Undergrad: 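Sharing a structure below in structure tokens format, with a few things to ask.
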Amino acid sequence: MPTLLGNMSEAFRNLAASTVDGDMEVKPFAQACSYITSLVRLLGPFFTFAVNDVAEKVDDINRASELFRTLTSMVEADNEQNEFWTANSHSRNLLRLKRIIEMVKILFEQIVASNFDDAGESSWASKGLVAYSTVFGQQHGAGLQATLTNYASFIPTQAQFLVTLQEDEASCGAKMTVIVEAASLITQYINNLFISMELSLEG
């Protein structure tokens with residue numbers, strides 16, 4: 001039976017494969033990111049604000065897929081129309097989703113590398129805070145960072161997550177590894193896209 005992590009790993013693998021021979025398409029990118037929204041939702045009601053934040057960006061990119069087939073054409077249009085720096089432009093939402101993918105990558109890397117240790121400073125909550133601070137430490141204000149730190153204790157344990165995900169350690173580790181490897185290719189593709197157009201990666 002398909003699981004959330006299984007669907008996510010397949011979507012990420014296919015998305016990464018598309019970067020090898022051609023342009024990444026907008027619709028599959030939005031679909032892959034939608035699984036991140038579902039994953040964040042599993043953190044519980046205290047993280048509704050985070051779910052909404054990710055979902056808004058995914059919805060925007062999904063709407064953009066009705067106008068643009070590829071990420072290249074989407075970013076080019078924003079650039080040509082001088083809308084790159086506009087709040088919540090497609091391009092800026094793309095950059096923000098790229099950072100979220102980077103955070104997921106760091107989190108999953110830690111989980112797999114720790115051999116699913118979930119005790120003390122190796123807890124999944126602690127790993128999540130490390131991943132968050134690594135990617136967003138310079139981007140988000142102190143208020144939001146404090147909120148996330150305060151809510152960290154409400155993050156489900158490894159055992160709870162695995163039950164909810166309908167995975168065991170072996171299947172979860174294998175799928176997380178696929179996502180980590182794919183995420184590296186996906187984020188590098190987006191970085192190269194912006195660099196090739198001489199656009200800032202700090203938007």
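Everything numeric here is computed off the predicted structure, so don't read it as measured data. Numbering starts at 1 and runs along the sequence shown.
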Undergrad: Are any side-chain N or O atoms of D23 and backbone N or O atoms of T72, one a donor and one an acceptor, separated by less than 3.5 Å?
TA: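 Absent.
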
Undergrad: Please examine the side chains of F161 and L43, heavy atoms only from C-beta on, and report whether any two atoms are closer than 4.5 Å.
TA: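 A side-chain contact exists here, since the closest heavy-atom pair is under 4.5 Å.
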
Undergrad: Under the criterion side-chain contact (heavy atoms from CB on, under 4.5 Å), I'd like the reasoning laid out for I106 against V135: C-alpha separation, chi angles, the key distance, then a yes or no.
TA: CA-CA 9 Å; I106 294 170; V135 177; 3.7 Å; yes

Undergrad: Among M103, E102, E109, which residue meets the side-chain contact (heavy atoms from CB on, under 4.5 Å) test with K105?
TA: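 Among the candidates, only E109 passes.
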
Undergrad: Is the backbone N or O of F84 less than 3.5 Å from a side-chain atom of S89, with the two atoms forming a donor-acceptor pair by type?
TA: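 Confirmed, S89 side chain pairs with F84 backbone.
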
Undergrad: What residue pairs, at least two apart or across chains, pass ring-ring contact (aromatic ring centres under 6.0 Å, His included) with a residue in residues 98-118?
TA: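 Applying ring-ring contact (aromatic ring centres under 6.0 Å, His included) to every pair that reaches into residues 98-118, excluding sequence neighbours, yields nothing.
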
Undergrad: Which atom names give the shortest non-hydrogen contact between K27 and N62, and what distance separates them?
TA: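 Nearest pair, atom of K27 first, then N62: NZ-OD1, 3.0 Å.
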
Undergrad: When you compare the side chain of V163 with that of Q160, does any pair of heavy atoms fall below 4.5 Å?
TA: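 A side-chain contact is absent here, since even the closest heavy-atom pair is not under 4.5 Å.
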
Undergrad: I would like to know whether N52 and E56 meet side-chain hydrogen bond (donor to acceptor under 3.5 Å, both in side chains); could you show each step before the answer?
TA: CA-CA 6 Å; N52 292 339; E56 287 175 2; over 6 Å; no

Undergrad: Could you walk me through whether L129 and S126 pass side-chain contact (heavy atoms from CB on, under 4.5 Å), step by step?
TA: CA-CA 5 Å; L129 287 176; S126 295; 5.8 Å; no

Undergrad: As an exercise, state the distance from CD of Q81 to OG1 of T86, rounded to the nearest 0.5 Å.
TA: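 Taking CD in Q81 and OG1 in T86, the distance rounds to 9.5 Å.
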
Undergrad: Where do L193 and L71 land on the side-chain contact (heavy atoms from CB on, under 4.5 Å) test, with the steps shown first?
TA: CA-CA 9 Å; L193 172 60; L71 294 184; 4.1 Å; yes

Undergrad: If I compare all heavy atoms of L95 with all of S200, which pair ends up nearest, and what's the gap?
TA: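 Closest approach of L95 to S200, heavy atoms only: CD1-O, 3.6 Å.
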
Undergrad: Between atom CD1 of I190 and atom CG of L97, what is the distance when rounded to the nearest 0.5 Å?
TA: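 Between I190 CD1 and L97 CG, I get 8.0 Å after rounding to 0.5 Å.
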
Undergrad: Pair up each side-chain donor or acceptor in residues 2-11 with any protein partner under 3.5 Å, not counting sequence neighbours, and list the distances.
TA:
unit_1 : atom_1 : unit_2 : atom_2 : d
T3     : OG1    : G6     : N      : 3.0
T3     : OG1    : E167   : OE2    : 2.5
T3     : OG1    : K175   : NZ     : 3.4
N7     : ND2    : T3     : O      : 3.4
S9     : OG     : L5     : O      : 3.2
S9     : OG     : G6     : O      : 2.9

Undergrad: Is the shortest side-chain heavy-atom distance between D168 and S171 below 4.5 Å?
TA: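 Yes, at least one pair of side-chain atoms sits under 4.5 Å.
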
Undergrad: CZ/F12 to CE/M176 distance, rounded to the nearest 0.5 angstrom?
TA: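 Rounded to the nearest 0.5 Å, the CZ-CE separation comes out at 12.0 Å.
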
Undergrad: Minimum heavy-atom separation for M24 to L15, with atom names?
TA: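 Nearest pair, atom of M24 first, then L15: CG-CD1, 3.5 Å.
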
Undergrad: What residues form a side-chain contact (heavy atoms from CB on, under 4.5 Å) with L185, not counting sequence neighbours?
TA: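 side-chain contact (heavy atoms from CB on, under 4.5 Å) check on L185 returns A16, T19.
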
Undergrad: Could you grab the distance from atom CZ of R13 to atom CD of E181, nearest 0.5 Å is fine?
TA: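 Between atom CZ of R13 and atom CD of E181 there are 10.5 Å.
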
Undergrad: Report, as yes or no, whether the 6.0 Å neighbourhood of atom CD on E198 holds more than 12 heavy atoms from other residues, nucleotides or ligands.
TA: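 Check fails, neighbour count at 12 or below.
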
Undergrad: Rounded at 0.5 Å granularity, tell me how far CG in L94 sits from NZ in K57.
TA: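 These two atoms lie 12.0 Å from each other.
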
Undergrad: Are the side chains of I36 and V104 in contact, using a 4.5 Å heavy-atom criterion?
TA: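 Side-chain contact under 4.5 Å: yes.
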
Undergrad: If you round to the nearest 0.5 Å, how far is CG of D78 from CG of L199?
TA: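 One finds 9.0 Å between CG of L199 and CG of D78.
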
Undergrad: Determine the minimum heavy-atom distance between A55 and T37, stating which atoms define it.
TA: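 For A55 and T37, the tightest heavy-atom pair comes out as CB-CG2, 3.9 Å.
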
Undergrad: Using a strict cut-off of less than 4.0 Å between a Lys/Arg side-chain nitrogen and an Asp/Glu carboxylate oxygen, indicate whether R63 and D59 qualify as a salt bridge.
TA: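 Looking at R63 and D59, the cut-off is not met.
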
Undergrad: Find out whether E169 and C172 are in side-chain contact, i.e. whether some heavy atom of one side chain is under 4.5 Å from a heavy atom of the other.
TA: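 No, side chains not in contact.
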
Undergrad: Of the non-hydrogen atoms in S114 and I111, which two are nearest, and what is the gap between them?
TA: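 Residues S114 and I111, closest heavy atoms: OG-O, 3.0 Å.
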
Undergrad: Do S18 and Y189 have side-chain heavy atoms sitting under 4.5 Å apart?
TA: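 Not touching, per the 4.5 Å side-chain cut-off.
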
Undergrad: Are V180 and V112 joined in one hydrophobic group, where the rule is that I, L, V, M, F, W and Y side chains link up if heavy atoms are under 4.5 Å apart?
TA: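 Yes, V180 and V112 fall within the same hydrophobic cluster.
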
Undergrad: Would a single hydrophobic cluster contain both Y35 and V178, if residues Ile, Leu, Val, Met, Phe, Trp and Tyr are joined by side-chain heavy-atom contacts under 4.5 Å?
TA: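 Shared cluster, no.
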
Undergrad: Given the rule in the side-chain contact (heavy atoms from CB on, under 4.5 Å) test, do S91 and F194 qualify, once you have shown the distances and angles that lead to the verdict?
TA: CA-CA 9 Å; S91 297; F194 278 76; 4.2 Å; yes

Undergrad: Using only heavy-atom distances, determine whether the side chains of S34 and Q31 contain a donor-acceptor pair under 3.5 Å.
TA: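 Short answer, yes.
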
Undergrad: What I'd like to find out is whether the side chain of R96 reaches to under 4.5 Å of the side chain of D53, using heavy atoms alone.
TA: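 Counting from C-beta outward, R96 and D53 never come under 4.5 Å.
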
Undergrad: If I compare all heavy atoms of I61 with all of A30, which pair ends up nearest, and what's the gap?
TA: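 Heavy-atom minimum between the residues: CG2-CB, 4.1 Å.
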
Undergrad: Are side-chain heavy atoms of Q188 and N192 found at a separation under 4.5 Å?
TA: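 Yes - at least one pair of side-chain heavy atoms lies under 4.5 Å apart.
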
